[in-house]
There are 2 protein chains.
Amino acid sequence: MSSRSRSSLAARREAHAPVFAALGDETRLSLLAKLYGGHRFSISQLTEGSKLTRQAITKHLRVLESVGVVHGVRTGRESLFEFDPKPMREIKEYLDLVSEQWDQALSRLKLFVED
Amino acid sequence: MSSRSRSSLAARREAHAPVFAALGDETRLSLLAKLYGGHRFSISQLTEGSKLTRQAITKHLRVLESVGVVHGVRTGRESLFEFDPKPMREIKEYLDLVSEQWDQALSRLKLFVED
DNA sequence: CCAATATGCAACCTGGAGGTTGCTTAAGGT
DNA sequence: ACCTTAAGCAACCTCCAGGTTGCATATTGG
């Protein structure tokens, strides 16, 4: 399973990078923060309070949507956005595997030094 | 503690975004992959196998270093880079808090629907 | 001391991220 | 029907990330 973990880490690297990149922006993190509660919000609602334009917010939402962390559905005259936990669960899992890896490595190195 | 979690989430958002951004690049993720093992590598060693220039790799390393996920020390004529787990532990923690938040939200919503 | 190796520094190029403005189109409310 | 509100589309601007090339500097081995 250790080899499976390693290979899946490498295999998923390309899939993880875009998700990390999407989270690498304060505006987008704050948009997500509003959506973590599970409720849907329209673009106008998500724009409220921000100093940015509605179009700017729209672009950010498209970025988030492109990596699947958010899902928008046109409903009537407004399009409602909803949080989708899957992609972030995956990078959380990635970080879990990685941390497991470095913890083992560090304890090996420590043991080697103490020897 | 729930309120503390929320406020620290907001307070740390600005601190997390740059780390996520630094991880949002495949080249940098693969550099990190070589460093998870705990061993130090020189820039030349890290450049080996890559299709990129040494200078490109250097720039990526500086990005990683600027968010503290990697630490470089000049040793003799080469500068050795070493992985530092702290920043990634923090975003892992962030994702943990967030997932806790959305899980609670989803169960509340589910309960509401079932009611 | 000299040649090779490892890195640093700086200028430069290019594409795309992040933002704005202006106009169009679709839905709702009355 | 009409006015308002929500959103989409498209052109445009600016700036910086990511990469390259060329040259300068520091260490090391013999």
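Each chain gets a letter, A, B and so on, in the order the sequences are listed, and its residues count up from 1.
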Margin query: So if I apply the side chain to side chain contact (heavy atoms under 4.5 Å, CB included) rule between Val70(A) and each of Val63(A), Leu32(A), Asp84(A), which one comes out positive?
Written below: Leu32(A)
Item checked: Hydrophobic cluster identity match, Ile57(B) and Leu80(B), side-chain contacts under 4.5 Å -> no
Note to self: Rounded to whole Å, how long is the line connecting atom CD1 of Ile57(B) with atom P of dG8(C)?
What the structure shows: 13 Å
Item checked: For the student: nearest non-hydrogen atoms of Arg54(B) and Thr47(B), plus distance -> CA-OG1, 3.7 Å
Check: Could you state the interatomic distance from NZ (Lys34(B)) to CD (Glu48(B)), rounded to the nearest 0.5 Å?
Finding: 8.0 Å
Checklist line | Gap between atom CG of Leu64(A) and atom OG1 of Thr27(A) - 0.5 Å precision | finding: 10.0 Å
Next item on the list: Using the rule that two of Ile, Leu, Val, Met, Phe, Trp, Tyr join whenever any of their side-chain heavy atoms come within less than 4.5 Å, decide whether Leu52(A) and Leu23(A) are in one cluster.
Entry: yes
Check: Just to confirm, is there a sub-4.0 Å distance from OP1 or OP2 of dG19(D) to any side-chain nitrogen or oxygen of His60(B)?
Finding: yes
Check: For dG19(C), does either OP1 or OP2 sit under 4.0 Å from a side-chain N or O belonging to Thr53(A)?
Finding: no
Checklist line | Comparing Gly76(A) and Val63(A) on DNA chain C - which has the more 5′ nearest nucleotide | finding: Val63(A)
Notebook entry, point to check: Residues from residues 18-35 of chain B sitting under 4.0 Å of DNA chain D, heavy atoms only?
Noted result: Asp25(B), Arg28(B)
Notebook entry, point to check: How far does NZ of Lys92(A) sit from CG of Leu95(A), to the nearest 0.5 angstrom?
Noted result: 9.0 Å
Checklist line | Sugar-phosphate or base contact per nucleotide [nucleotides 5-12 of chain D; S, B, -; heavy atom under 4.0 Å] | finding: BSBBB---
Item checked: CG on Leu106(B) to CZ on Phe83(A), rounded to 0.5 Å -> 8.5 Å
